Amino acid sequence: MNRKERIILHIDVNSAFLSFEAVHRLQHGATVDVRKIPSAVAGSQATRHGIILAKSLPAKAYGVKTGEASWEAKQKCPGIVLIPPDYPLYMCCHRALVRLLKDYSDKVQVFSIDECFMEAPGMLMKEESIRFAHRIREHVRQELGFTVSVGVSTNKLLAKMGSELKKPDAVSTLFPPEVGKKMWPLPVEDLYGVGRAAAAKLHRYEIHTIGDLAETDVKLLSYLFKSYSRDHGQMLWEYAHGVERSDIMTSGPPTKSIGNSCTVHFDVEDRETAHAVLLSLAETVGMRLRLANLCGRVIGVSIRKSGDLVTYSHQVKIQSSIDCTDAIYEYCRRLFDAAWKGEPIRGLGVWVNDLSSSGYIQLSALEKDWDEKKKVDRTVDAIRAKYGPFSIVRGNFVQSGLAPLAGGAGGDAGFPVMTSIL
DNA sequence: TCTGGGGTCCTAGGACCC
DNA sequence: TCTGGGGTCCTAGGACCC
């Protein structure tokens, strides 16, 4: 590559949640940098949220993996320091990173809480693009205190694969001519778009590396993955060759769905308790809908069984779009009653789909008029906005042992994640 | 004192209509 | 009375991502 090209960078925060914690703690007088000891950000085991969300490099050396149960991590690494997650702090760090990147380019695409794509302004030579990436890497470390890995290439897929090549605090190129040398030796499951199911299938056909995948007849791949989507096999083959054509999207696609789910601290075995959990979930889902000025026509609940952790769901499409907490709750209660088979429940979820802007609500004559309830919603939203989310809660939850507002990361959560097109 | 929570996209298969 | 085909809408669930 010896001419000017359009350059795409992928910026990936190293051990994001753990790094954010480390920086925050150091800023507040901590003497230990948790990045330098075996540590991890993990939910509480007591409330059955005990999985590893991010780990330090020393913890990784003990074999601790993201997504595994905390007790497993403790077995592998008895001295591990576990830190409870603080999502508002992580959102703060995320916003600071995005602000910094936007000083370098108008074309920044937020991909998740710890990943961004960006297009370098103008066309650059290879050496210039590497210098550009280092400038950003250095600036982030100096100003924000955490490190990033930067992948440099000419499309988003290769930039993303590139940022994986070296961590932490590193810049790696993965230009198309380097694909054979740097990407093909990697295990096929490292390729973006190859998950557990696809990897198992590929291994059965003796396709073990990305290079193997690249050499496979695209017709065979189309056949193997036809149940995923019409073009999934073709897409994987193109990815294996480093081909990907999507643009940097500076504004996310419109929201398609808003939902919240939660693992309950104990097994739910009766309808009344399940209803209470659904109400607390409907509260957060309703608030998020109203905040986004959205209404939805498809209401759904999901039920996660305690024994095998398998989830099943039930949904309904209604005549008019709603955003009212009580309306959502009422549909969810009916859905739950119709779907629940009576087994112990580990967790419940509520979601609303088929969204439209709340300006266009058409109230069907067949359905309830929720006007009065909507006024209550607005009042409650306003009080919570001013005095905090728990300033006003429903009487049902007092002393119930249940959270009045359920759901994970809260109002700021929800990053669009693209599957077929980066 | 046993594994979270937020999304997107896609297909299969049934119901229903012409 | 039996049979075919095309199309749309809807729900359940799988696969993927971070």
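Note that this is a predicted model, so its numbers are computed, not measured.
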- Distance check: side-chain N/O of A:R346 vs OP1/OP2 of B:dG4, anything under 4.0 Å? yes
- Note on the structure: Contacts of A:H139 meeting ring pair (Phe, Tyr, Trp, His ring centres under 6.0 Å) (sequence neighbours excluded), chain-then-number -> A:Y104
- Answer yes or no: is there a donor N or O on one side and an acceptor on the other, between the side chain of A:W237 and the main chain of A:A214, under 3.5 Å? yes
- Identify whether any heavy atom of A:G195 sits under 4.0 Å from a base atom; if not, whether one sits that close to sugar-phosphate; answer base, sugar-phosphate or nothing. sugar-phosphate
- With a 4.0 Å cut-off on heavy atoms, is A:G50 in touch with a base, just the backbone sugar-phosphate, or nothing at all? sugar-phosphate
- Query: Dot-bracket for DNA chain C, 5' to 3', counting Watson-Crick or G-U wobble pairs under 3.5 Å, with [ ] for crossing pairs and | for inter-strand pairs?
  - Reply: ....||||||||||||||
- Query: Within the structure shown, what part of the strands sits under 4.0 Å from A:G259 by heavy-atom distance: base, sugar-phosphate, or nothing?
  - Reply: sugar-phosphate
- Determine which pairs satisfy side-chain hydrogen bond (donor to acceptor under 3.5 Å, both in side chains) with at least one residue from residues 50-64 of chain A, sequence neighbours left out, and list them in order. A:K55-A:T66
- Please name all residues satisfying ring pair (Phe, Tyr, Trp, His ring centres under 6.0 Å) with A:F225, sequence neighbours left out, ordered by chain then number. A:Y228, A:H232
- NA contact type, A:E72, heavy-atom cut-off 4.0 Å: base, sugar-phosphate, or nothing? nothing
- Message: So, using ring pair (Phe, Tyr, Trp, His ring centres under 6.0 Å) as the criterion, who are the partners of A:W184 when residues are at least two apart?
- Response: A:H241
Distances under 3.5 Å only, N/O to N/O: pair up the protein atoms with those of nucleotides 7-11 of chain C.
unit_1 : atom_1 : unit_2 : atom_2 : d
C:dC10 : OP2    : A:K317 : NZ     : 3.0
C:dT11 : OP1    : A:K317 : N      : 3.1

